[in-house]
Amino acid sequence: MEKVLIRQLVKDMARYADREVEVQGWIRSNRDQKSFGFLAVNDGTHFNTIQVVYEKEVLSDFERVAKLRAGSAVTVRGRLVLTPKAKQPFEIKATEVILEGDSPEDYPIQPKRHTREFLREVAHLRARTNLFNAVFRVRSLLGYAVHTFFQERGFVNVHAPIITANDAEGAGEMFRVTTLDAKNPPLTGGGAVDFGQDFFGRRANLTVSGQLEAEAFALAFRKVYTFGPTFRAENSNTARHAAEFWMIEPEIAFADLWDNMRLAEEMMKYLINYILANAPEEMAFFDEFVEKGVRDKLAKIAGSKFAHITYTGAVELLKESGEKFEYPVEWGKDLQTEHERYLTEKVFDKPVFVTDYPKEIKAFYMRLNDDGKTVAAMDLLVPGVGEIIGGSQREERMEVLVQRMREFHIDPRDLWWYLDLRKYGGVKHAGFGLGFERAIMYITGVSNIRDVIPFPRTVNYCEF
RNA sequence: UCCUCGAUAGCUCAACGGUAGAGCAACCGGCUGUUAACCGGUAGGUUGCAGGUUCGAAUCCUGCUCGGGGAGCCA
């Protein structure tokens with residue numbers, strides 16, 4: 001008797017035909033009749049379940065098997081039979097069904113449709129559903145694809161620090177990391193909390209971005225990327241924001257904004273093609289039950305050229321569109337979500353890079369353009385999700401960078417090491433950040449970020 | 001944080017001022033190939049919490065808590 005995984009059976013069913021096999025998994029459903037019944041068993045190795053046929057005249061404990069409930073863990077032994085005429089390609093004629101772990105009748109995952117909201121409340125069990133099984137397998141595959149893409153192109157993976165003392169970056173509200181007694185912190189003479197007595201001897205936070213550290217390594221390895229957790233303590237309550245998420249941040253030296261965009265486009269297409277090729281069952285499921293036509297959408301994008309438009313061009317285009325927007329379009333103001341959606345969904349109907357934003361609405365480290373008014377920034381907008389990538393060419397000129405920091409009220413002494421990168425062998429360089437979860441959302445069609453993170457952390461929510 | 005909608009059986013919903021119901025799940029039974037199985041039956045409720053109006057509140061009003069959608073911030 002050979003112990004087999006459903007994935008093996010799917011890949012090589014002919015080899016197992018009419019052989020005795022043993023599978024182990026969890027019952028999704030049990031349909032019993034007078035003298036026979038059917039179990040749908042999922043063993044976690046494949047999206048599909050395997051159908052187990054059990055018969056009264058074969059099993060001495062038929063009545064007991066007929067009562068097994070959804071959620072129970074079982075070992076099944078029997079003969080693998082090919083069933084070319086049936087809905088499923090093969091099934092097991094059971095000779096033995098052993099209950100490994102019972103599941104009482106209050107098991108929350110019923111063989112019926114559940115809302116995503118309900119399943120979030122049972123996040124420890126939701127991976128056993130079709131939807132979340134598919135989502136989290138795609139998440140795993142996508143992470144692998146990210147590493148493969150960069151490693152194959154000679155990028156070095158940098159583990160940027162998760163705890164940081166860079167509080168000058170301004171990418172968002174930060175979570176403080178401390179070992180001080182919250183009730184009774186040490187105070188300075190002036191009555192303020194004395195962080196000098198904290199664990200690190202100074203204020204420390206969870207990272208909001210590994211970019212600054214990635215820049216340091218890009219100026220040593222030329223091509224690097226980070227891929228790790230990121231934390232934002234923003235009070236944002238949307239389907240696209242979480243307090244803990246993962247970000248991919250490549251950084252390339254001797255490169256400008258156009259090199260940066262070429263890399264971003266190549267990466268997005270690689271990731272899409274990888275998932276289409278390696279998660280066919282999952283993508284078929286998303287296509288049918290989550291977002292109709294998602295596979296065609298992705299295939300089309302992987303084969304198309306991404307659009308490009310400057311911020312100034314986008315503002316003109318939006319103004320001349322005749323479209324009524326809730327918020328007016330005005331040069332110097334950031335594009336609203338409705339503007340971005342109009343551009344990527346109505347005007348271009350595909351991913352679009354928007355470049356060269358006014359310097360006032362972008363970060364201090366973005367390279368100042370020759371017009372003195374805009375910076376070499378780029379956002380990649382995609383239909384349905386909105387901004388999925390944000391990046392820029394970095395300011396490599398010491399004087400300009402220091403001036404920009406002053407404009408943003410950042411003390412250059414706080415980022416002395418970042419300035420050193422310009423002082424010693426600084427070169428033009430560029431990079432971007434891809435929200436890992438937003439990429440998953442875009443590829444699967446799942447519209448809430450809480451449903452693509454195993455155990456999501458959001459404002460007022462840290463269960464599990 | 002703002003706008004908006006909502007919270008009723010385990011789940012999804014109905015009842016909209018007058019005895020709280022259905023489908024699915026569960027449980028019991030039927031059915032010789034089911035696959036969202038089907039058919040019959042049983043059980044299941046402090047209507048989110050706290051107040052108020054009323055002869056009478058799931059229903060109307062106020063506050064709170066939690067959730068969905070949208071916005072801001074961003075990835």
Side-chain angles (χ1 to χ4, degrees), chain A residues 28-41 48-57 63 66-67 69-71 81 83 85-88 91 93 103-122 129-130 170-173 207-211 229-249 289 325-327 333-341 361-363 379-382 385-391 432-442 447-453 458-461 463:
Chain A
R28 287 284 180 82
S29 71
N30 186 0
R31 300 179 295 276
D32 73 295
Q33 299 185 41
K34 192 177 188 178
S35 56
F36 59 90
F38 304 94
L39 296 174
V41 175
N48 294 336
T49 55
I50 188 166
Q51 171 154 288
V52 176
V53 188
Y54 56 96
E55 292 167 299
K56 198 169 195 170
E57 53 185 47
E63 278 75 19
K67 295 254 180 297
R69 278 178 294 261
V81 180
T83 54
K85 287 181 196 157
K87 218 169 166 178
Q88 70 286 350
E91 62 190 19
K93 296 272 195 192
S103 179
E105 58 200 53
D106 59 354
Y107 180 58
I109 313 290
Q110 304 155 6
K112 60 165 279 187
R113 201 183 156 278
H114 289 290
T115 58
R116 317 266 168 91
E117 292 78 31
F118 170 70
L119 289 169
R120 263 174 233 153
E121 293 171 11
V122 287
T129 64
N130 282 335
E173 293 296 313
T207 183
V208 293
S209 165
Q211 180 202 313
T230 310
F231 307 88
R232 304 270 167 94
E234 302 284 345
N235 184 16
S236 31
N237 214 317
T238 80
R240 296 183 300 281
H241 291 85
E244 176 182 316
F245 63 100
W246 284 57
M247 200 155 53
I248 296 136
E249 296 179 289
F289 296 107
F325 294 110
E326 193 183 339
Y327 295 90
K333 284 189 173 175
D334 213 350
L335 297 177
Q336 301 289 316
T337 297
E338 58 173 342
H339 306 145
E340 295 184 343
R341 291 189 64 141
I361 59 174
K362 287 293 182 184
D379 284 358
L380 179 64
L381 311 178
V382 295
V385 172
E387 184 183 339
I388 199 167
I389 283 176
F432 63 83
L434 166 71
F436 185 54
E437 282 79 9
R438 290 191 181 172
I440 301 170
M441 292 165 73
Y442 184 58
S447 57
N448 195 310
I449 196 167
R450 285 158 227 199
D451 297 329
V452 301
I453 299 175
T458 52
V459 186
N460 264 313
Y461 194 83
E463 192 62 61

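The model shown is predicted, which means the values in this text are computed figures rather than measured ones.
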(message) Between A:Met441 and A:Ile449, is there a side-chain heavy-atom distance shorter than 4.5 Å?
(response) yes

(request) For A:Tyr461 and for A:Gly435, locate the closest nucleotide of RNA chain B by heavy-atom distance; then report the residue assigned to the nucleotide nearer the 5' terminus. (result) A:Tyr461

(message) One character per nucleotide, please: for nucleotides 39-45 of chain B, 5' to 3', B when the base has a protein heavy atom closer than 4.0 Å, S when only the sugar-phosphate does, - otherwise.
(response) -------

(message) In this structure, how many angstroms lie between the P atom of B:C73 and the NE2 atom of A:His241, rounded?
(response) 9 Å

(message) Using only atom types and a distance under 3.5 Å, with no angle test, would you say the side chain of A:Glu249 pairs donor to acceptor with the backbone of A:Gly210?
(response) yes

(request) For RNA chain B, produce a single dot-bracket line, 5' to 3'. Pairs: Watson-Crick or G-U wobble, both distances under 3.5 Å. Symbols: ( ) within strand, [ ] crossing, | other strand, . unpaired. (result) (((((((..((((....[..)))).(((((.......))))).....(((((..]....))))))))))))....

(request) Take A:Arg120 and A:Asn448 through the test side-chain contact (heavy atoms from CB on, under 4.5 Å) and record every step on the way to the result. (result) CA-CA 11 Å; A:Arg120 263 174 233 153; A:Asn448 195 310; 3.4 Å; yes

(request) Could you check whether A:Ala242 gets within reach of a base, just the sugar-phosphate, or nothing at all, counting any heavy atom under 4.0 Å? (result) base

(request) For the side chain of A:Asn448, starting at C-beta, report the closest nucleotide among B:C74, B:C24, B:G69. (result) B:G69

(message) Check this for me, if you would: do A:Glu63 and A:Lys56 make a salt bridge, where the nitrogen-to-carboxylate-oxygen distance has to be below 4.0 angstrom?
(response) yes

(request) Could you give the distance separating B:G56 and B:C64 at their P atoms, to the nearest angstrom? (result) 27 Å

(request) Select base, sugar-phosphate, or nothing to describe what A:Arg341 touches, counting heavy atoms under 4.0 Å on all strands. (result) nothing

(message) Counting the atoms with a prime plus P, OP1 and OP2 as sugar-phosphate, which does A:Asp106 contact under 4.0 Å by heavy atoms, base, sugar-phosphate, or nothing?
(response) nothing

(request) Using a 4.0 Å heavy-atom cut-off across all strands, classify A:Ile449 as base, sugar-phosphate, or nothing. (result) base

(request) Would you mind reporting whether A:Asn130 and A:Arg28 have side-chain heavy atoms less than 4.5 Å apart? (result) yes

(request) Write down the distance separating the P atoms in B:G67 and B:A58, rounded off to the nearest Å. (result) 26 Å

(message) Taking the minimum atom-to-atom distance to the side chain of A:Arg240, which one of B:C11, B:A71, B:C27 wins?
(response) B:A71

(request) Let me know which of A:Val41, A:Val52, A:Leu39 forms a side-chain contact (heavy atoms from CB on, under 4.5 Å) with A:Asn30. (result) A:Leu39

(request) Using a heavy-atom cut-off of under 4.0 Å over every strand shown, decide if A:Thr115 touches base, sugar-phosphate, or nothing. (result) sugar-phosphate

Between N or O atoms, less than 3.5 Å apart, protein on one side and nucleotides 28-33 of chain B on the other: list the pairs.
| residue | atom | partner | partner atom | Å |
| --- | --- | --- | --- | --- |
| B:C31 | OP1 | A:Lys34 | NZ | 2.8 |
| B:C31 | N4 | A:Asp32 | O | 3.4 |
| B:G33 | O6 | A:Lys93 | NZ | 2.1 |
| B:G33 | N1 | A:Glu91 | OE2 | 2.8 |
| B:G33 | N2 | A:Gln51 | NE2 | 3.2 |
| B:G33 | N2 | A:Glu91 | OE1 | 2.5 |
| B:G33 | N2 | A:Glu91 | OE2 | 3.1 |

(message) Closer than 3.5 angstrom, by distance alone: can the side chain of A:Ser236 be matched with the main-chain N or O of A:Thr238 as a donor-acceptor pair?
(response) no

(message) Regarding A:Tyr327, tell me which of base, sugar-phosphate or nothing describes its non-hydrogen contacts under 4.0 Å with the strands shown.
(response) sugar-phosphate

(request) On RNA chain B, check which nucleotide each of A:Trp246 and A:Glu338 is closest to and give me the residue with the more 5' one. (result) A:Glu338

(request) Kindly indicate whether the side chain of A:Gln110 and the base of B:G10 share any N or O donor-acceptor pair separated by less than 3.5 Å? (result) yes

(request) Assess the side chains of A:Arg31 and A:Ser29: does a donor N or O sit below 3.5 Å from an acceptor N or O? (result) yes

